[in-house]
Amino acid sequence: MPQTLAKNNQIVYTKDMEFSGIKDIAIYGTDCIADISVGKGECVEFVSAKEKYFDITTDDGTLTVRQKSRNFFYRIILHRIEFKLTIPESFKGKLRFRNKNGGVYLDGGKFTEVELSTDNGKFEIKGAACDNLHLKLSNGSVTAKNLTVGNGAAIKCRNGTVKVESVSSPALTIFSKNAALTAIDVKADKLECQTSNGTIDASGVTADELRLETSNGKIVASPLGDRNDYKLTIDADHGSITVDGVAYKKLADATHLSKRLSARTANGDIDIRFM
């Protein structure tokens with residue numbers, strides 16, 4: 001890419017595949033995998049052994065990486081195409097990824113918004129911070145670890161497992177289908193976990209409002225706090241209910257407490273143990 005200077009939006013191509021003045025990043029493709037991490041430089045850097053399969057443009061502060069279309073023969077030979085993006089520590093913009101058969105590995109970074117969507121792929125996110133988080137995936141898996149979200153987060157994964165660990169957000173919604181769902185050391189004012197044909201494990205979670213729901217699977221939860229802090233609504237159509245070692249057929253507290261915990265499953269057991 002030639003070295004140029006765009007005076008209006010202050011985007012500078014400092015050298016091949018390095019860009020300064022970037023405010024947002026958008027990635028579009030069919031079967032690409034993005035490896036995104038934080039570097040020591042002041043530019044956004046793009047690196048790929050298959051550079052020719054991408055178009056990279058800038059417009060009004062947005063760096064757009066667009067995978068070129070490939071015929072069936074090349075898709076069979078090359079499978080998914082990987083590339084790396086290194087962002088500066090000063091970056092704090094929007095990250096968007098829309099793909100059909102790919103994924104994202106995100107390590108660190110501060111963002112206003114992270115919006116990732118793909119099919120038949122994988123998302124692994126760790127050590128990042130953002131104002132809003134939206135993940136959508138089908139036929140794959142999602143792992144989110146050590147994240148701080150300022151406003152709210154929503155994770156949706158069909159036909160794939162979701163594992164969330166050490167995540168803090170005022171509101172966090174996790175939806176999975178036909179797979180297990182795990183939430184460990186999560187802090188939220190409102191936490192919702194829903195899946196089908198899979199188990200839910202919510203260990204060491206802190207939430208004023210906690211909702212756990214599945215079908216054809218068990219629920220195991222260890223909320224932080226005292227049993228008397230929560231209004232409990234627990235129902236298992238065909239399974240046992242245990243709260244702090246005490247068995248119940250059905251549980252619906254009539255008390256008016258500030259914290260609420262609801263858990264429901266069909267064809268599974270529910271085991272709640274307060275920590």
Side-chain angles (χ1 to χ4, degrees), residues 21-27 34-44 60-65 85-99 103-118 122-137 141-157 162-176 181-195 200 202-212 221 223-225 229-230 258-261:
I22 300 301
K23 299 178 182 178
D24 300 302
I25 297 173
I27 302 168
D35 186 345
I36 305 171
S37 60
V38 179
K40 297 296 183 180
E42 296 298 325
C43 302
V44 176
D60 293 331
T62 298
L63 174 67
T64 301
V65 178
L85 273 183
T86 303
I87 60 177
E89 294 180 351
S90 59
F91 180 87
K92 194 181 188 301
K94 181 177 180 179
L95 171 64
R96 170 181 288 180
F97 178 89
R98 291 184 178 177
N99 202 274
V104 171
Y105 297 89
L106 176 61
D107 186 1
K110 295 181 180 180
F111 306 88
T112 55
E113 183 173 354
V114 175
E115 179 186 326
L116 311 180
S117 176
T118 193
K122 187 176 185 179
F123 290 145
E124 286 191 7
I125 304 173
K126 63 179 182 178
C130 60
D131 296 332
N132 298 285
L133 176 69
H134 301 277
L135 305 182
K136 185 178 179 180
L137 186 146
S141 63
V142 175
T143 301
K145 186 174 182 180
N146 297 325
L147 303 183
T148 301
V149 183
N151 296 328
I155 299 174
K156 187 175 183 179
C157 182
V162 177
K163 184 175 182 180
V164 176
E165 182 177 354
S166 299
V167 173
S168 175
S169 175
L172 173 58
T173 301
I174 308 172
F175 174 86
S176 182
L181 188 160
T182 304
I184 301 174
D185 188 27
V186 172
K187 296 180 180 179
D189 296 333
K190 183 177 181 180
L191 174 61
E192 296 184 65
C193 300
Q194 181 179 354
T195 188
I200 294 178
S203 302
V205 298
T206 302
D208 293 337
E209 185 175 347
L210 176 60
R211 179 171 174 252
L212 310 172
L224 297 182
D229 295 334
Y230 289 83
S258 59
K259 294 185 178 182
R260 293 176 174 83
L261 189 160

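Treat the numbers as computed from the prediction; the structure is a model and nothing was measured. The residues of the chain are indexed from 1 along the displayed sequence.
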Q. Could you walk me through whether Glu113 and His134 pass the side chain to side chain contact (heavy atoms under 4.5 Å, CB included) check?
A. CA-CA 8 Å; Glu113 183 173 354; His134 301 277; 3.6 Å; yes
Q.
Nearest 0.5 Å, please: how far is CZ in Arg260 from CG in Leu210?
A. 12.5 Å
Q. Can you find a heavy atom in the side chain of Val162 that is under 4.5 Å from one in the side chain of Val164?
A. yes
Q) Tell me, do Ile125 and Leu116 make a side-chain contact under 4.5 Å, heavy atoms counted? A) yes
Q: Take atom NZ of Lys187 as the centre, draw a 6.0 Å sphere, and report whether it contains more than 12 heavy atoms from other residues, nucleotides or ligands.
A: no
Q: Go through Ile27 and Val104 one step at a time and tell me if the side chain to side chain contact (heavy atoms under 4.5 Å, CB included) criterion holds.
A: CA-CA 10 Å; Ile27 302 168; Val104 171; 6.0 Å; no
Q) Considering all heavy atoms of both residues, which atom of Gly127 and which atom of Leu147 are nearest to each other, and what is their separation? A) N-CD2, 4.0 Å
Q: Determine yes or no for a side-chain-to-main-chain donor-acceptor pair under 3.5 angstrom, with Thr195 supplying the side chain and Ser176 the backbone.
A: yes
Q: Any chance you could measure Ile174, atom CD1, to Glu192, atom CD, to the nearest 0.5 Å?
A: 10.0 Å
**Q.** Check: Val38 and Phe91 side chains under 4.5 Å, non-hydrogen atoms
**A.** no
(Q) Within the structure provided, determine whether Phe111 and Leu106 are in side-chain contact (heavy-atom separation under 4.5 Å). (A) yes
Q) How long is the span from the CG atom in Leu191 to the SG atom in Cys193, to the nearest 0.5 Å? A) 4.0 Å
Q.
Assess whether a salt bridge exists between Glu89 and Lys110, defined as any Lys/Arg side-chain N lying under 4.0 Å from an Asp/Glu carboxylate O.
A. no
Q) Got a second to check how far Tyr230's OH is from Lys259's NZ, nearest 0.5 Å? A) 4.0 Å
**Q.** Test item: Thr112 and Cys130 side chains (from C-beta on) under 4.5 Å apart, heavy atoms
**A.** no
Q | Charged N-O contact under 4.0 Å between Glu209 and Arg211 | A | no
Q) Where do Gly108 and Ala128 come nearest, in terms of heavy atoms and distance? A) O-CB, 3.8 Å
Q | Euclidean distance, Glu115 CD relative to Lys136 NZ, rounded to 0.5 Å | A | 10.0 Å
(Q) Go through it in stages, so that I can follow the logic: the residues are Glu124 and Lys122, the test is salt bridge (charged side-chain N to carboxylate O under 4.0 Å, His left out), and I'd like the CA-CA distance, side-chain angles, deciding distance and then a yes or no. (A) CA-CA 7 Å; Glu124 286 191 7; Lys122 187 176 185 179; 3.0 Å; yes
Q) Got a sec, which residues hit side chain to side chain contact (heavy atoms under 4.5 Å, CB included) with Ala153, two or more places apart in sequence or on another chain? A) Leu133, Val149, Ser169, Leu172
Q | Distance, nearest 0.5 Å, that separates CG of Leu135 from OG1 of Thr118 | A | 11.5 Å
(Q) What verdict does the salt bridge (charged side-chain N to carboxylate O under 4.0 Å, His left out) test give for Asp131 and Lys92, after you've listed the backbone C-alpha separation in whole Å, the side-chain angles of each residue and the deciding distance to 0.1 Å? (A) CA-CA 10 Å; Asp131 296 332; Lys92 194 181 188 301; 3.7 Å; yes
Q.
Which residue in the set Val186, Val167, Leu261 passes side chain to side chain contact (heavy atoms under 4.5 Å, CB included) when paired with Val205?
A. Val186
